[in-house]
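Beneath this line is the structure, given in structure tokens, with notes to follow.
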Amino acid sequence: MKLLAVLLLCGAVYAKHEQYIGWKSYYVGPKSQEHLQSIGPLAQEFELDILSHPILGREGVVLVKPEHQDGFTKALEEQGIAYRIHTADVKNALDLDDIAIETRRRENLARSGREFPYDNYQEIEVIDDYLIDVASRYPDRATLVLGGNSFEGRPIYYLKISTTNFENNSKPVIFIDGGIHAREWISPPTVTWAIHKLLENVTEPDLLDRFDWILLPVVNPDGYKFSFTTTRFWRKTRSTDQSSISETCPGVDGNRNFDFFWNTVGTSNNACADTFAGSQAFSEAETRVVQSLLHEHLHRIALYLTIHSYGSMFLYPWGHDGSLSNNAFALQIVGVAMADEIFALSLPHFPRYTVGNSVLVIGYPTSGASEDYAHFIGVPLSYTVELPGLDSGLNGFHLNPRYIQQVCYETWEGIVAGARGAGDLFVPYAERN
Ligand code: 0X9
Ligand code: ZN
């Protein structure tokens, strides 16, 4: 019986991920700023999928289609950029990941009769059910809001958490979103964990006294769902109305769709590309939900975190040209405070966080990112957070599910430090110059 179950599981698993047959992923290790700057153009030329940005002194991981592998490695050799294989058989690695995830799920069920939400990646239905449930259990502090519907009609929920019903206008607001990039599965659990820590297991009551919270775990539910069911590395939304070829190549990169130097750099006009910026800024229902939340609470937002993976980084504006905003000192200080807190609680083999301007850290500019837009319209502290993962030691093709809990736990401590730092520095909108 057990053997039959394993055979059925393997059969189901091996039928998946066929589209990744022949794909490989490579570590790339740029050794100079010049090397780093060539990653962006190489990504365009060879249609690379950057799974983890390389930085100086730390390799990144890129996914390469079979038809570009020779050209890509030749170009790296010509430029003297070091590389080595990360995964020689991506399809096989994804199959093994699925087996690990499914085995873990079954073991948890067999052991305890239930699934532990942070023992495994969270499907969109699980997250939605949790938001609905937790809001109903804490009606005095939490309000579930339907921010809008995705292109395919899924609800985009967020929670407002407040001890004063969001009515005390002198309280700063902390806004955290996740899951704008579909395949970055470690992002939504860190946001649901923050909800857990503000409602179900409060160990920092000052965070409820001092702040109101907006927590949006999955900005892009269509893409997120699609990455579970069909295409593991799906990044974009699933809209089909953005170009004449969108039926064949759906979706827009949500983090290129904000109205900040929209579609000027680090983006693509090709609907088939992973960094397609859309037909215009805010063409996507999903990014408009974030836009309207930012505007609705702009005068009170002290800190905006948009949670991505991978790379262990806090990145801040300006991401289109690498210049520093006039709040750069505070951005660096609060970023380091978050990173220090995480480092203190991290596991020894997790990479240390890097904090800095996004272009200076990852080496190339991109326009239309939410972190830049938020800062541009007046959010004083705004970061893209790249969670840990994909480095050697965190085995599994993706972050092994056994580390989900650790990432949630340490990220929360970073959020605590970020909120407190942002609260201490907060200047009411009317008093800013
Ligand atoms: O490219 C992105 O959108 C982010 N990296 S990811 O691997 N999660 O896709 C980085 C965004 C950096 N921020 C700005 N360019 N402003
Ligand atoms: Zn991302």
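For ligands, and for the atoms within them, numbers begin at 1 and follow the listed sequence.
Every salt bridge (charged side-chain N to carboxylate O under 4.0 Å, His left out) that Glu47 has, sequence neighbours left out, goes to Lys65.
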Atom pairs and distances, ligand 1 N/O vs protein N/O under 3.5 Å:
unit_1: ligand 1; atom_1: 1 (O); unit_2: Arg256; atom_2: NH2; d: 2.8
unit_1: ligand 1; atom_1: 3 (O); unit_2: Asn255; atom_2: ND2; d: 2.9
unit_1: ligand 1; atom_1: 3 (O); unit_2: Arg256; atom_2: NH1; d: 2.9
unit_1: ligand 1; atom_1: 5 (N); unit_2: His53; atom_2: NE2; d: 2.9
unit_1: ligand 1; atom_1: 5 (N); unit_2: Glu386; atom_2: OE2; d: 2.7
unit_1: ligand 1; atom_1: 7 (O); unit_2: His53; atom_2: NE2; d: 3.2
unit_1: ligand 1; atom_1: 8 (N); unit_2: Glu184; atom_2: OE2; d: 3.0
unit_1: ligand 1; atom_1: 8 (N); unit_2: His308; atom_2: ND1; d: 3.1
unit_1: ligand 1; atom_1: 8 (N); unit_2: Glu386; atom_2: OE1; d: 3.3
unit_1: ligand 1; atom_1: 8 (N); unit_2: Glu386; atom_2: OE2; d: 3.0
unit_1: ligand 1; atom_1: 9 (O); unit_2: His181; atom_2: ND1; d: 3.4
unit_1: ligand 1; atom_1: 9 (O); unit_2: Arg235; atom_2: NH1; d: 2.6
unit_1: ligand 1; atom_1: 9 (O); unit_2: Arg235; atom_2: NH2; d: 3.3
unit_1: ligand 1; atom_1: 13 (N); unit_2: Glu371; atom_2: OE1; d: 2.8
unit_1: ligand 1; atom_1: 15 (N); unit_2: Thr366; atom_2: OG1; d: 2.5
unit_1: ligand 1; atom_1: 16 (N); unit_2: Glu371; atom_2: OE1; d: 3.1
unit_1: ligand 1; atom_1: 16 (N); unit_2: Glu371; atom_2: OE2; d: 3.3
unit_1: ligand 1; atom_1: 16 (N); unit_2: Asp372; atom_2: OD2; d: 2.8

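Within 6.0 Å of CG on Asn201 lie more than 12 heavy atoms contributed by other residues, nucleotides or ligands. Heavy-atom contacts from other residues, nucleotides or ligands closer than 6.0 Å to CD of Glu34 number 12 or fewer.
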His375 and Tyr383: CA distance, side-chain angles, deciding distance, ring-ring contact (aromatic ring centres under 6.0 Å, His included) verdict = CA-CA 9 Å; His375 196 53; Tyr383 302 86; 9.0 Å; no
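The ND1 atom of His308 and the OE1 atom of Glu184 meet at the Zn ion (ligand 2) at an angle of about 90°, given to 10°.
Glu59 and Arg84 are joined by a salt bridge, as a carboxylate oxygen and a charged side-chain nitrogen come within less than 4.0 angstrom of each other.
Looking at His181 and the Zn ion (ligand 2) together, the shortest N, O or S contact belongs to ND1.
By the 30° and 60° cut-offs, the orientation of the rings of Tyr224 relative to Trp185 is perpendicular.
Using a 4.5 Å cut-off on side-chain heavy atoms (C-beta onward), Ile180 and Phe258 make contact.
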